[in-house]
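Read the structure below first, then the notes.
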Amino acid sequence: MSTARERRTTQIVTGILAVLILVPSVFGFGSKLVEFIRLISGEIDGAFAISPVANYLLASTGFFFLLMWATCNGMFHDIELPKYDLLEREKQLDEQS
């Protein structure tokens with residue numbers, strides 16, 4: 001069992017990594033969104049760029065909804081449990097043979 005201090009350290013490290021990953025991602029997504037809006041409003045030339053930007057937005061939206069679905073269904077509640085289930089099943093199979 002992990003102590004409260006270990007859990008707290010894990011939460012802090014996870015939070016720092018989340019910020020380090022999400023901040024550049026949000027910046028990249030935001031800049032593409034601004035570019036897309038400017039393109040639609042006619043401020044810049046480059047109608048050829050509509051398709052890649054639209055694909056980027058659709059893929060990002062899909063991954064966001066997939067993340068929300070996984071979170072709401074408790075997929076991240078206990079990420080260690082599948083590992084122990086696999087080891088337990090392997091032990092049971094070894095005992096049977």
Side-chain angles (χ1 to χ4, degrees):
M1 288 285 169
S2 62
T3 65
R5 182 181 174 105
E6 290 173 344
R7 284 189 301 244
R8 182 70 178 150
T9 302
T10 302
Q11 289 175 346
I12 290 171
V13 170
T14 303
I16 290 170
L17 289 174
V19 168
L20 289 175
I21 292 169
L22 289 175
V23 168
S25 299
V26 168
F27 177 74
F29 180 79
S31 66
K32 289 292 182 185
L33 184 62
V34 168
E35 179 182 336
F36 187 66
I37 292 170
R38 288 179 57 204
L39 186 63
I40 289 175
S41 66
E43 286 185 30
I44 58 175
D45 292 332
F48 62 89
I50 289 178
S51 178
V53 173
N55 287 336
Y56 181 80
L57 290 172
L58 288 173
S60 298
T61 303
F63 282 119
F64 177 74
F65 284 126
L66 185 62
L67 175 68
M68 291 299 105
W69 174 81
T71 303
C72 291
N73 285 315
M75 300 282 184
F76 303 114
H77 181 67
D78 187 7
I79 61 173
E80 296 292 319
L81 184 62
K83 172 176 60 177
Y84 295 116
D85 285 344
L86 177 73
L87 293 172
E88 184 63 33
R89 287 185 190 135
E90 183 180 11
K91 181 180 175 184
Q92 290 172 354
L93 288 173
D94 286 342
E95 289 173 356
Q96 288 176 356
S97 56

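Just the heavy atoms: all of them, side chains too, but no hydrogens, waters or symmetry mates, feed the values below. For clarity, every value in this text was computed on a predicted model and none was experimentally measured.
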Residue set satisfying side-chain contact (heavy atoms from CB on, under 4.5 Å) with Phe64, at least two apart, ordered chain then number -> Met68
Residue set satisfying side-chain contact (heavy atoms from CB on, under 4.5 Å) with Glu80, at least two apart, ordered chain then number -> Asp78, Lys83, Tyr84
Please list all pairs meeting salt bridge (charged side-chain N to carboxylate O under 4.0 Å, His left out) that have one or both residues in residues 61-70, counting only residues at least two apart or in different chains.
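For residues 61-70, and leaving out neighbouring residues, there are no salt bridge (charged side-chain N to carboxylate O under 4.0 Å, His left out) pairs at all.
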Which atom pairs, donor and acceptor, lie under 3.5 Å between side-chain atoms of residues 12-31 and protein residues at least two apart or in another chain?
from  : atom 1 : to    : atom 2 : distance (Å)
Thr14 : OG1    : Thr10 : O      : 2.7
Ser25 : OG     : Ile21 : O      : 2.9
Ser31 : OG     : Phe27 : O      : 3.3
Ser31 : OG     : Gly28 : O      : 2.9

Please tabulate, for the side chains in residues 90-97, all donor-acceptor contacts under 3.5 angstrom to protein atoms that are two or more places apart in sequence or on a different chain.
from  : atom 1 : to    : atom 2 : distance (Å)
Ser97 : OG     : Leu93 : O      : 3.2
Ser97 : OG     : Asp94 : O      : 3.3

Answer yes or no: are there more than 12 heavy-atom neighbours, outside Leu87 itself, under 6.0 Å from its atom CG?
yes
Counting only heavy atoms not in Phe65 (residues, nucleotides, ligands), do more than 12 fall under 6.0 Å from its CZ? no
Is there a path of hydrophobic side-chain contacts, each under 4.5 Å between heavy atoms of I, L, V, M, F, W or Y residues, that connects Leu66 with Met75?
-> yes
So the side chain to side chain donor-acceptor pair (under 3.5 Å) pairs with at least one residue in residues 53-76 (sequence neighbours excluded) are none
